[in-house]
Every structure is written in C-alpha cells, then in structure tokens.
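Computation of the quantities below employed the complete heavy-atom set of this structure, encompassing side-chain atoms and omitting hydrogens, waters and symmetry-equivalent molecules. Ligands are counted one by one from 1 in listed order, and the atoms in each one are counted from 1 as well.
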Amino acid sequence: MRELDADIVVVGLGAVGSHAVWRLALRGKRVLGLDRYRPGHVHGSSHGHTRLFRVACREHPGLVPVAQRSLQLWRELEVSSGRPLLDVTGGVMIGPPDSPLVTGSLEAGRRHDLAVSTMDSAELRERFPQHAGLADEDVGVWDPLAGIVRPEAGVRAAVGAATDAGADVPGPATVTAVEPVGGGVLVHTGSGTVAARQAVLAAGPWLGTFAPGLPLRPIRTPMTWFAARDGTDGAAFGLERLAIFIRQLADGTRMWGHGAVDGLDAKVGPSDDPAYRETDPDAVDRDISPADHALVSDLVRRALPGLDPRPSRITTCLVTRTPDEQFLVGRPGGDPRLILAGGCSGHAFKHAPGLGEAIAQLACGEPTYTDLAFVHPDRFA
Ligand SMILES: Cc1cc2nc3c(=O)[nH]c(=O)nc-3n(C[C@H](O)[C@H](O)[C@H](O)COP(=O)(O)OP(=O)(O)OC[C@H]3O[C@@H](n4cnc5c(N)ncnc54)[C@H](O)[C@@H]3O)c2cc1C
C-alpha cells in the first residue's frame, strides 16, 4: 500500500456523508470528503427545502436515541453556522388506534420514556380543524419534539463545519471505484487516485454502484406543495397552526405534511404512490405529468379541503428503498476498511447528524452511543 493521502475518505456529501465528515474532522482525523456535486444540490435525496423531524419514531424504537442525538447536533450546527436548521413545533401522528403509525409511535415513546401524549378525535378536530374526514375512532399521538428540518441548509452547514474543523472538501469529484487493497482503500476519481485507511460510502441513491449485492432501489418521488384555497384562512395552513403530521386515512392510505414555512406553501405527500417508480439515479425523468400528483391531490381534496388540490409547486426527488424500509449503516462483512451508509427508505434525513456521529465512532474504533445492529447491512447478506 502506498503512503496514505487521508485517514478516511467519505464518498458522497449528502445528508449522511456531510455529517460523517463533520464528526470525523472534529476527532482530528485526516478526512477527505468527495462529492460529484456541490453541497446542497438537487440531484440526490436531500433537497426540497424541508423534511419532517420526529423523535417518537414509529419505524423502529432503536431510532429514538439517533433522533435524540441528532436533535442535539442540529442545535450545535445551528450555532456554528448561524442558520436556522430545525424548527421544533410538535407533530401529530393520526390514525386508527391499532394502526402501526399509532402503535409504533406510542411504543417508541414508551420504551424511551418520551413525553408523547394522545388525543381523541374530538381533541384532534378542535386542535387541527384543517384535517377533514377524521373517523370517531381516530387518535393522535403528539410528539412534542417533532418539527421540520431544512435539508439543503443542513448539508451546507455540516460541510462548512467540517471544513472549519480541518476536513478537506476539494469540490466536485466523481468517485469511479473504491478498491479495498491490503490494509486500506484506493479511491479512484476522474482525476486521480487517493489512498486511505478507510472509506465511508454514503452515495445515497448511487450506493448500489459501490455495493451491487445490496437490495437498494432508487425510487423517483415527486414532492408537492399546496396553497390555501381562495376564501379560506391562509394562516390556518402555516406551520404554526398546521404542525407536521402523518395520517392514516380510513382506507389505509397514509399521507404526511406540514404547514407553509419560509415562503413556501403547505407541503403534503403520500407515504406511497403507484406512480413512484424505480429509476436510474443518473437518468431521472424530471418532467412532471398529472400522474405525479393524482394521488396526493385526491388526498388533499379528502383530508385537507382548505387547500387547493392543484399543486402550487412540484419537483422530483429520490428515495432509496430497502426491503425492510430501514436504512443501513455498518461495516459490510466486518471489513475494517469500509463503512456503508445509505438505503434511506424515506426517513433518514432527520437522523443524519446522529448517523454521522455513529459512523465517526465506528471509523475511530469507539463504541457507538447506541446499538445500531438493526440497521447493519449484513442483514441482507
Ligand atoms: C420526497 C422525500 C421525502 C422525504 N421525507 C423525509 C422526512 O420527512 N424525514 C426524513 O427524515 N427523511 C425524509 N426523506 C429521506 C431523506 O431525504 C433521505 O433519507 C436523505 O436525504 C438521504 O441522504 P443520503 O446522504 O443517503 O443521500 P444524498 O443526500 O442523496 O447524498 C448522496 C450523495 O452522494 C453523492 N454521490 C453519489 N455517487 C457519487 C460518486 N460516484 N462520486 C461522488 N459523489 C457521489 C451524491 O452527489 C450525493 O450528494 C425524504 C426523501 C424524499 C425523497
């Protein structure tokens, strides 16, 4: 192995990679961060101005400590960058009492002693009159630490904090291959090769090109914003009054959203949509057709009738799905030279700082602050 150019190379500076570089640089590591685009770009999974932040994570109780660590680190990053990144407004998960959305959120709260509370349908109607068609049996789980986090600003802030802490982020560079050799890795780019002890592969929708054996499916996922209808109280659809929500309707369809913020209208999306399709992340169809918002417009019409169901804005993004809808972080096959981080499954942005911290701990041989066995990539081996 030739002389090392860096201790660790992070490939991909989106949500997860930008935070990994930051946390590694703070540990005094010689870290090189490479991305084919500039931080905060619109080609991967981390654009669209907002993401939901939740702590009572219905997806897995093991995510609660990651969200809690992320909350601390988002605040740290706000101080160092001087930018608002996370607005905590509280948020509500609405559905039948036996729906996984409700039971999962309550279970996360119970296991981690979170201050979540429940509301019956009468309270829901009073607090959130924007939501129409609630069933009498519906309940709401209130997560007081939920809110919105800003993806482009968050990525830029993490890269900025990383370079302030000494990371080398030289600007756009496409990594063509990562080759484990002896006790390290060779990272090949269009303009040369870098030798390092370890590589963190955080390539988002492109992760499959570096880990072809993993069941990762990049999915084209449009994002949609909706203005208040003429004649309705527009303020009722601002973030202050329409807090972040995930809601399961009587027919089982799930939707998510939040009120208007930062000059953009209310954002609403379906949790799944027959129009979502697997795509090559290098050949995403950016043209918008009516099929891209047919389902969400119908959901808005039924569940939030104070909004105009014609989107005021629509743009495409990418989710990378795994078979169990859980992301992956860890060393494939225990390889001390590689850490994989990806498979976002549509809910990883909020956790990016906490995942970055865990990746830095793994890379530095420290115990991780929480058990991440449930997201280990070898579960798909
Ligand atoms: C519509 C939508 C809604 C979502 N809602 C939420 C939500 O409410 N809450 C939440 O927490 N999460 C949400 N998510 C998920 C969240 O946005 C993702 O989990 C997160 O952005 C994934 O980050 P990443 O770092 O894995 O990928 P990315 O941010 O895409 O980063 C990957 C990076 O790798 C770079 N790269 C790839 N290949 C190479 C290469 N060969 N060489 C150099 N660089 C390379 C790319 O340029 C990119 O910058 C949502 C996602 C979508 C699409």
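Ion pair R111/E107 flagged as a salt bridge, since at least one NZ, NE, NH1 or NH2 atom sits closer than 4.0 Å to an Asp/Glu carboxylate oxygen. A salt bridge is defined here as a Lys NZ or Arg NE, NH1 or NH2 lying under 4.0 Å from an Asp or Glu carboxylate O, and D292 with R220 meets this definition. No salt bridge links R150 with E78; every basic N to acidic carboxylate O contact stays at or beyond 4.0 Å. A salt bridge links E76 with R23: the closest approach of a Lys/Arg side-chain nitrogen to an acidic carboxylate oxygen falls below 4.0 angstrom. Electrostatic pairing of D168 and R30 does not count as a salt bridge here, judged by no charged N lying under 4.0 Å from a carboxylate O. Contact check on D7 versus R27 returns no salt bridge, with no Lys/Arg side-chain nitrogen under 4.0 Å from an Asp/Glu carboxylate oxygen.
The shortest contact between atom 34 (O) of ligand 1 and any protein heavy atom is with G12 CA, 3.2 Å. Scanning the protein heavy atoms around atom 38 (N) of ligand 1, the nearest turns out to be W206 CB, 3.4 Å. Nearest protein heavy-atom contact of atom 21 (O) of ligand 1 is S46 OG, 2.7 Å. At the top of the distance list for atom 23 (O) of ligand 1, counting protein heavy atoms only, stands A15 CB, 3.3 Å. If you check which protein heavy atom lies closest to atom 27 (O) of ligand 1, you get G204 CA, 3.3 Å. At the shortest separation from atom 31 (O) of ligand 1 among protein heavy atoms lies G14 CA, 3.2 Å. Here the heavy atom of the protein found nearest to atom 41 (N) of ligand 1 is V175 O, 2.9 Å. What sits closest to atom 12 (N) of ligand 1 on the protein, heavy atoms only, is F349 N, 3.2 Å.
The P205 neighbourhood of ligand 1 comprises atoms 30 (O), with distances under 4.0 Å to a heavy atom of that residue. The distance from ligand 1 to the heavy atoms of C317 drops below 4.0 Å at these ligand atoms: 53 (C). Taking every non-hydrogen atom of G44 and a distance limit under 4.0 Å, the qualifying atoms of ligand 1 come out as 30 (O). Residue T221 approaches ligand 1 through these ligand atoms, each under 4.0 Å from one of its heavy atoms: 1 (C). Contact atoms of ligand 1 toward A202: 32 (C), 33 (C), 34 (O) (distance under 4.0 Å to a heavy atom of the residue). Counting the atoms of ligand 1 from 1 in the order shown, those under 4.0 Å from a heavy atom of L318 are 53 (C).
Backbone and side-chain nitrogen or oxygen atoms of V16 are examined, and one is located within less than 3.5 angstrom of a nitrogen or oxygen of ligand 1. Polar contact check, H347 against ligand 1: a nitrogen or oxygen pair lies under 3.5 Å apart. The shortest N or O to N or O distance between H41 and ligand 1 is under 3.5 Å. Any N or O atom pair closer than 3.5 Å counts here, and A348 shares at least one such pair with ligand 1. For a threshold of 3.5 Å applied to N or O pairs, the pair formed by G346 and ligand 1 contains at least one separation below that value.
Around CZ of R229, the count of heavy atoms belonging to other residues, nucleotides or ligands within 6.0 Å exceeds 12.
Distances from atom 47 (O) of ligand 1 to the heavy atoms of L52, L34, D35 put D35 nearest. Counting heavy atoms only, R36 comes closest to atom 36 (N) of ligand 1 of the residues H47, K350, R36. Between C344, S345, S45, it is C344 that holds the heavy atom closest to atom 19 (O) of ligand 1. Nearest to atom 4 (C) of ligand 1 by heavy atom, out of E59, R38, R51, is R51.
A distance-only check finds no donor-acceptor pair linking the side chain of T176 to the backbone of G190 [under 3.5 Å].
Between Y276 and R321, some side-chain heavy-atom pair lies under the 4.5 Å cut-off. The closest side-chain heavy-atom distance from Q130 to L307 is not below 4.5 Å.
The backbone of A173, and not its side chain, has at least one atom closer than 4.0 Å to an atom of ligand 1 (non-hydrogen atoms only; backbone = N, CA, C, O). Neither the backbone nor the side chain of P151 comes within 4.0 Å of ligand 1, counting heavy atoms alone. If you look at F210 next to ligand 1, the close heavy atoms, those under 4.0 Å, all belong to the side chain.
Listed by first then second residue, pairs satisfying ring-ring contact (aromatic ring centres under 6.0 Å, His included) with a partner in residues 215-273 read H131-F245, not counting sequence neighbours.
Taking the six-membered ring for Trp and thresholds of 30 and 60 degrees, W74 and F349 have nearly parallel ring planes, at less than 30 degrees apart. Note: Y37 and H41 have tilted aromatic rings, judged against thresholds of 30 and 60 degrees for the angle between ring planes.
Heavy atoms of M223 come nearer than 4.0 angstrom to ligand 1 in at least one pair. Residue contacts with ligand 1: F327 is excluded, as none of its non-hydrogen atoms falls under 4.0 Å.
With sequence neighbours excluded, the residues that form a side chain to side chain donor-acceptor pair (under 3.5 Å) with D308 are R310.
The cluster map of Ile, Leu, Val, Met, Phe, Trp and Tyr, joined by side-chain heavy atoms under 4.5 Å apart, puts V10 and V169 in the same cluster.
With hydrogens and angles left out, the side-chain atoms of R75 and Q72 include no donor and acceptor closer than 3.5 Å.
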